[in-house]
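Some notes on the structure that comes next.
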Amino acid sequence: MDSNDIKSSSASTPFDDDEFDRLLDDFISKQLEDVEDTVEENKELKQTNKPSASAQTPQDELVSSLFEEERRLYDAYFNFKNGVLALVKQAGIEEPELSFTAKDIYPRFRPSRIKNLSNDISACWEKLILAQPVRLSSLPDNPSDEQILSFAEKTTDENLQLALISYVEVLIEVEGCEIAYNLRKAKAQKRKIEKQLYEEHIQRKERMQKLIEAIRQKNFPIDAERLVNNFFKTVRKDPEGAQKILETNPATFAPIEVEKIPPRFFGMIKPKPEDGIRVNKEIGQFLKNLKI
């Protein structure tokens with residue numbers, strides 16, 4: 001569905017706001033998916049040194065550059081089309097108007113790219129029935145692939161046999177291309193997730209180091225690295241709880257090193273446990289106001 005489809009639908013049907021929002025979300029999601037597919041296809045073209053498609057690219061060059069799955073689909077369609085056109089010519093009826101080309105599935109097959117293929121298959125079948133009404137009348141309604149192949153093996157018309165067998169091959173190759181497409185999508189999604197996880201890991205490490213350095217610069221009597229490492233371990237299980245503890249009782253993550261608290265009154269009053277409580281609050285207040 002494109003933007004014009006959304007406009008026409010919303011104008012002719014009394015959608016409520018929720019339905020319109022759903023349609024808009026679907027449209028945006030589809031556009032983003034197409035962009036991602038294009039990016040991945042361009043990467044694959046670059047890796048395999050295949051040419052990019054343009055309006056000026058010769059059809060033969062695109063056909064010869066198709067990937068394996070797409071080439072099998074194109075060949076099956078080509079054989080189906082040739083078989084139908086030969087039968088149509090024999091019957092003296094008008095040829096179908098066909099529009100599918102290699103460009104429709106270059107560089108890669110996408111479910112959204114087979115509109116022309118579907119239209120051509122339907123148009124060819126209509127002409128096929130007109131060209132061979134007697135023979136094809138013995139085919140059951142909505143025949144299965146096996147029934148079509150069995151019928152094709154028994155027919156004596158080579159062009160009809162080619163058309164029917166190739167038609168089944170087209171269906172098989174479309175399914176194969178869909179499977180390959182989904183596999184590529186899954187791999188691309190996996191790479192995307194791995195990249196996000198790596199970037200998050202790097203950002204987390206950088207934030208941890210900044211936090212450690214900020215604590216050390218204040219010369220607080222606490223093991224900054226231990227404090228930060230234990231804090232981030234707790235964050236994985238309970239982000240809100242970990243942050244609250246960090247701001248109110250950071251000594252939970254690393255004990256206050258009371259012996260490192262500077263003595264008062266020119267060294268005459270040594271630090272006491274009560275000083276540890278005071279410093280614990282000072283560190284918590286500092287971390288509460290710290291922006292990293």
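Bear in mind that the values here come from a model prediction, so they are computed numbers and not experimental data.
Applying the 6.0 Å contact sphere to CD of Glu199 captures more than 12 heavy atoms from other residues, nucleotides or ligands.
Side chain to side chain, Glu213 and Gln217 fail the donor-acceptor criterion of an N or O pair below 3.5 Å.
Between the side chain of Glu70 and the backbone N or O of Phe109, at least one donor-acceptor pair lies under 3.5 Å. Thr155 places no side-chain N or O within 3.5 Å of a backbone atom of Ala152 that could act as its donor or acceptor partner. A distance-only check finds no donor-acceptor pair linking the side chain of Ser166 to the backbone of Ala163 [under 3.5 Å]. The closest donor-acceptor contact from the side chain of Asn229 to the backbone of Arg226 lies at 3.5 Å or more, if one exists at all. A donor-acceptor pair under 3.5 Å is formed between the side chain of Arg113 and the backbone N or O of Arg108. Put simply, the side chain of Thr48 gets close to the backbone of Glu44: a donor and an acceptor are under 3.5 Å apart.
At least one side-chain heavy atom of Lys127 sits less than 4.5 Å from a side-chain heavy atom of Glu94. Leu287 is listed as a side-chain neighbour of Leu211, based on a closest heavy-atom distance under 4.5 Å. The side-chain heavy atoms of Lys190 and Ile193, taken from C-beta on, include no pair separated by under 4.5 Å. Between Glu169 and Ile165 the shortest side-chain heavy-atom distance falls below 4.5 Å. By the 4.5 Å heavy-atom criterion applied to side chains, Ile222 and Ile283 are counted as neighbours. Between Leu149 and Ser144, the closest side-chain pair of non-hydrogen atoms is not below 4.5 Å.
The side chain to side chain donor-acceptor pair (under 3.5 Å) contacts involving residues 232-255 comprise Gln243-Glu247, Asn249-Thr252, Asn249-Asn280, where partners must be two or more places apart or lie in separate chains. Legend: side chain to side chain donor-acceptor pair (under 3.5 Å) pairs involving residues 282-292, not counting sequence neighbours, sorted by first then second residue: Arg278-Glu282.
At a threshold of 4.0 Å, the pair Glu225-Arg216 counts as salt-bridged, since one of the basic side-chain nitrogens sits closer than that to a carboxylate oxygen. The existence of a salt bridge linking Arg184 and Asp37 is excluded, since no basic side-chain nitrogen approaches an acidic carboxylate oxygen closer than 4.0 Å.
Across every non-hydrogen atom of Gln147 and Pro143, the tightest pair is OE1-CA, 3.2 Å. In terms of heavy atoms, Pro51 sits closest to Leu45 at O-CD2, 3.8 Å.
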Contacts under 3.5 angstrom, residues 72-83 side chains, donor-acceptor by atom type, not counting sequence neighbours:
residue: Arg72; atom: NE; partner: Glu173; partner atom: OE1; Å: 3.2
residue: Arg72; atom: NH1; partner: Glu68; partner atom: OE2; Å: 2.9
residue: Asp75; atom: OD1; partner: Arg71; partner atom: NE; Å: 3.0
residue: Asp75; atom: OD2; partner: Arg71; partner atom: NE; Å: 3.4
residue: Tyr77; atom: OH; partner: Asp120; partner atom: OD2; Å: 2.6
residue: Asn79; atom: ND2; partner: Asp75; partner atom: O; Å: 3.3

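With Phe67 as the aromatic partner, Lys50 meets the cation-pi criteria of under 6.0 angstrom to the ring centre and within 45 degrees of the ring axis.
One finds the CD atom of Gln196 at 11.0 Å from the CD atom of Glu194 (value rounded to the nearest 0.5 Å).
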